[in-house]
Amino acid sequence: MSAIDGLPPLREVIATHGLSAKKTLGQNFLLDLNLTAKIARQAGELSGCDVLEVGPGPGGLTRGLLAEGARRVLAVEKDARCLPALAEIAAAYPGRLEVISGDALEIDPIAHLTPPIRVVANLPYNVGTELLVRWLTPETWPPFWESLTLMFQKEVAERIVAQPGSKAYGRLAILAQWRAEAKIVMILPPEAFTPPPKIHSAVVHLQALPAPRYPADAKVLSRVVAAAFNQRRKMLRASLKGLAPDIEERLRSAGLEPTLRAEQVPLEGFCALARALA
Ligand code: SAM
């Protein structure tokens, strides 16, 4: 029995249900329930919240979330081999865990959730960035979630919180920081996972802001940022010339020198440029 919930230790769960890790599904499992409870605590007070978890696997983080008091957890898992192990957790926490079997990229979980909603996940590396971008770019703001607490490869986490002037600064930083407060809250070594990945991982916590930091049309901002960073070595007057024939004038009206490069432009500057191009 494990210390946090009376269910069997995760190594035993994995052995009982034959859950050998599959690389194609990004399966690097967390087996230390003290660690998964600590990750769950990074999401803040969970007792009044529904939690969306993508990729529960054998359920280590799921158990952390439930033990830390989440009102309900909705877990979306692609690997059907994990379902019996997750059913055991659901039985230990009656009415608090719902599992959907399927691909998180194809399932819209909103109908299954009641606000306030927090998203907490140790994401599969191959779909993590895509899910984050979707959560950061809904049709309307504020989004369905209050916060995202997500495990990424450390290099991806650094891109999310990056500041101007750094190599990691780019589209992901702008997307994340325009409408959320983003910070790295934990760094984990490879040995924290079974099997261990080659690199370090990090947990990022993103708190949704009630409104964007600076006004801008989301679609225009996204186009500008994509064009600027697709050719990040070039000056803005060159990388953005396809967006408007008078791009130099528009850059100046946004307070930006046309000779700047994308990584020198702060978030506020990109928003001003999106307004000048709208
Ligand atoms: N949460 C578990 C933990 O922390 O030990 C497992 C995390 S593991 C990094 C990623 C999990 O996501 C695996 O269980 C994998 O099967 C699942 N997964 C991979 N692709 C998925 C997808 N498209 N939709 C839902 N789950 C997916």
Side-chain angles (χ1 to χ4, degrees), residues 1-17 19-22 25-47 49-79 81-93 96-100 104 117-125 128 131-132 145 147-154 156-157 183-197 199-206:
M1 285 211 328
S2 79
I4 70 167
D5 55 18
L7 285 159
L10 283 153
R11 265 181 215 290
E12 199 177 308
V13 172
I14 284 173
T16 309
H17 297 285
L19 302 179
S20 53
K22 284 191 186 166
L25 286 169
Q27 292 184 337
N28 299 99
F29 300 132
L30 291 165
L31 303 188
D32 176 349
L33 289 162
N34 292 317
L35 182 58
T36 61
K38 187 171 172 193
I39 295 167
R41 286 197 291 278
Q42 306 304 317
E45 180 53 52
L46 296 176
S47 58
C49 295
D50 276 14
V51 175
L52 169 63
E53 185 192 2
V54 171
L61 182 55
T62 319
R63 287 163 63 174
L65 291 163
L66 290 162
E68 288 300 315
R71 178 177 66 194
R72 268 186 76 246
V73 176
L74 174 70
V76 181
E77 174 57 61
K78 191 171 175 182
D79 185 352
R81 294 180 309 158
C82 298
L83 300 178
L86 295 167
E88 286 170 11
I89 305 171
Y93 289 95
R96 289 177 58 201
L97 173 61
E98 181 184 349
V99 179
I100 300 184
I117 299 161
R118 294 183 188 270
V119 180
V120 186
N122 174 13
L123 290 173
Y125 72 94
L131 283 169
L132 174 66
W145 50 271
S147 66
L148 309 172
T149 306
L150 305 171
M151 179 93 69
F152 289 100
Q153 295 168 296
K154 183 164 165 266
V156 177
K183 55 181 184 222
I184 292 179
V185 291
M186 280 174 79
I187 294 184
L188 287 90
E191 314 81 78
F193 302 85
T194 303
I199 38 158
H200 278 64
S201 301
V203 178
V204 182
H205 182 74
L206 297 113

Calculate, to the nearest 0.5 Å, the distance between atoms [atom1] and [atom2] belonging to [X] and [Y] respectively.
X     : Y      : atom1 : atom2 : result
Arg81 : Gln27  : CZ    : CD    : 5.5 Å
Leu7  : Tyr93  : CG    : OH    : 6.5 Å
Ile39 : Met186 : CD1   : CE    : 4.5 Å
Glu53 : Thr149 : CD    : OG1   : 11.5 Å
Asp32 : Phe193 : CG    : CZ    : 11.0 Å
Leu19 : Leu10  : CG    : CG    : 10.0 Å

Hey, does [Y] have a side-chain heavy atom less than 4.5 Å from the side chain of [X]?
X      : Y      : value
Ile14  : Leu31  : yes
Thr62  : Val99  : no
Leu188 : Leu35  : yes
Pro189 : His200 : yes
His205 : Ser147 : yes
Lys22  : Lys78  : no
Ile199 : Pro190 : no
Asn122 : Leu30  : yes

Discussion item. Applying salt bridge (Lys or Arg N to Asp or Glu O under 4.0 Å), can you list everything that pairs with Arg11, at least two apart in sequence or on another chain?
Written reply: none
Discussion item. Suppose we screen for salt bridge (Lys or Arg N to Asp or Glu O under 4.0 Å). Which residues come up paired with Arg72, at least two apart in sequence or across chains?
Written reply: Asp50, Glu98
Discussion item. Going by side chain to side chain donor-acceptor pair (under 3.5 Å), name the residues that satisfy it together with Glu77, two or more places apart in sequence or in a different chain.
Written reply: none
Which pair of non-hydrogen atoms, one from [X] and one from [Y], has the smallest distance, and what is that distance?
X      : Y     : answer
Gly59  : Leu86 : CA-CD2, 4.0 Å
Arg96  : Arg71 : CG-O, 3.5 Å
Leu97  : Ala75 : CD1-CB, 4.2 Å
Ala67  : Ile4  : CB-CD1, 3.9 Å
Leu65  : Ala40 : CD2-CB, 3.7 Å
Pro197 : Asn28 : N-ND2, 3.9 Å

Item to complete: Check whether any side-chain N or O of Arg63 sits under 3.5 Å from a backbone N or O of Asp5 as a donor-acceptor pair, and report yes or no.
Response: no
